[in-house]
Amino acid sequence: MNMTGNTILITGGGSGIGLALAEEFARMDNQVIVAARSPEKLKAAGQRGLATIPADVSDAASIQALATRVMQEFPNTNVVVHNAAISKREDLVRGGDSKLQEETVATNLLGPMRLTNALMR
């Protein structure tokens with residue numbers, strides 16, 4: 001990958017590692033689009049000069065809306081960083097929590113798969 005001149009979409013880019021990556025890629029002369037669920041985090045990323053799009057990668061409709069918007073507004077997008085993820089404490093000794101397990105799979109596994117598929121169309 002060329003480290004400059006890209007258009008990069010980063011999911012979960014509103015804070016933490018995702019935001020740090022977004023800021024560093026932007027410093028390296030890339031256009032960066034941050035996708036995140038939190039309006040407050042998106043606003044903060046926007047104030048740092050990053051393009052922002054609200055998205056929830058655990059939700060299939062939100063993923064499709066994200067992909068559509070990226071393709072329309074940023075047609076030269078050539079890099080995707082699947083950074084959005086969740087990790088919640090679960091008591092497996094007591095049988096676990098099927099709702100939490102489904103949320104984790106939807107976010108951490110299905111989200112990147114669905115977004116990749118939607119962007120490849």
Side-chain angles (χ1 to χ4, degrees):
M1 171 177 124
N2 292 328
M3 296 305 289
T4 62
N6 298 294
T7 302
I8 303 170
L9 169 63
I10 302 178
T11 64
S15 63
I17 293 170
L19 182 57
L21 282 171
E23 291 177 320
E24 186 60 29
F25 281 133
R27 275 192 283 280
M28 296 171 69
D29 195 31
N30 295 288
Q31 181 175 25
V32 179
I33 309 127
V34 168
R37 291 186 294 191
S38 167
E40 296 81 21
K41 290 178 181 178
L42 286 172
K43 182 178 179 182
Q47 290 171 340
R48 292 180 162 126
L50 302 166
T52 62
I53 300 176
D56 179 352
V57 299
S58 70
D59 179 75
S62 181
I63 290 169
Q64 188 57 57
L66 170 61
T68 298
R69 189 161 166 199
V70 167
M71 290 185 289
Q72 289 174 348
E73 295 179 25
F74 305 96
N76 294 324
T77 300
N78 62 328
V79 176
V80 178
V81 177
H82 294 286
N83 179 71
I86 62 169
S87 178
K88 296 182 180 177
R89 192 168 197 80
E90 181 178 8
D91 187 352
L92 296 174
V93 173
R94 292 202 166 102
D97 179 340
S98 62
K99 183 178 178 189
L100 175 59
Q101 292 164 357
E102 289 175 15
E103 182 183 0
T104 300
V105 169
T107 303
N108 300 358
L109 181 62
L110 293 175
M113 293 168 71
R114 288 174 172 158
L115 180 56
T116 297
N117 286 342
L119 290 169
M120 297 299 289
R121 294 180 186 166

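The chain is numbered in sequence order, starting from 1. Since the model is a prediction, treat every value here as computed from it, not as a measurement.
- Counting only distance, with no hydrogens or angles, the side chain of N78 and the backbone of N6 share no donor-acceptor pair below 3.5 Å.
- Counting only heavy atoms from C-beta outward, the side chains of L50 and L19 approach each other to under 4.5 Å.
- Listed by chain and number, the residues in a side chain to side chain contact (heavy atoms under 4.5 Å, CB included) with I86 are R37, E103, T104, T107, N108 (sequence neighbours excluded).
- With sequence neighbours excluded, the residues that form a salt bridge (charged side-chain N to carboxylate O under 4.0 Å, His left out) with E73 are R69.
- For the pair L9/L115, a side-chain contact is recorded, criterion being any heavy-atom separation below 4.5 Å from C-beta on.
- Atom CG of D56 is separated from atom OG of S38 by 11.5 Å, given to the nearest 0.5 angstrom.
- Residues satisfying the side-chain hydrogen bond (donor to acceptor under 3.5 Å, both in side chains) test with K99, not counting sequence neighbours, are none.
- In terms of the side-chain hydrogen bond (donor to acceptor under 3.5 Å, both in side chains) criterion, Q47 has no residue partners (sequence neighbours excluded).
- With sequence neighbours excluded, the residues forming a salt bridge (charged side-chain N to carboxylate O under 4.0 Å, His left out) with D91 are R94, listed by chain and number.
- Heavy-atom minimum distance, N83 versus G13: ND2-N, 4.5 Å.
- Residues T116 and V80 are not in side-chain contact: their nearest non-hydrogen atoms beyond the backbone lie 4.5 Å or more apart.
- M3 is listed as a side-chain neighbour of F25, based on a closest heavy-atom distance under 4.5 Å.
- Formation of a donor-acceptor pair under 3.5 Å by the N30 side chain with backbone atoms of T7 is not found in this model.
- Here the side chain of E90 pairs no donor or acceptor atom with the backbone of Q101 at under 3.5 angstrom.
- Both I8 and I17 belong to a single network of hydrophobic side chains, linked directly or stepwise wherever heavy atoms of I, L, V, M, F, W or Y lie under 4.5 Å apart.
- Under the 4.5 Å side-chain criterion, counting only non-hydrogen atoms from C-beta, T77 is not in contact with L119.
- Within a 6.0 Å sphere centred on CE of M28, heavy atoms belonging to other residues, nucleotides or ligands number more than 12.
- Residues passing the salt bridge (charged side-chain N to carboxylate O under 4.0 Å, His left out) test with E102: none are found, sequence neighbours excluded.
- A118 and A67 make their closest contact through CB-CB, 3.5 Å (heavy atoms, listed as atom of the first residue, atom of the second, distance).
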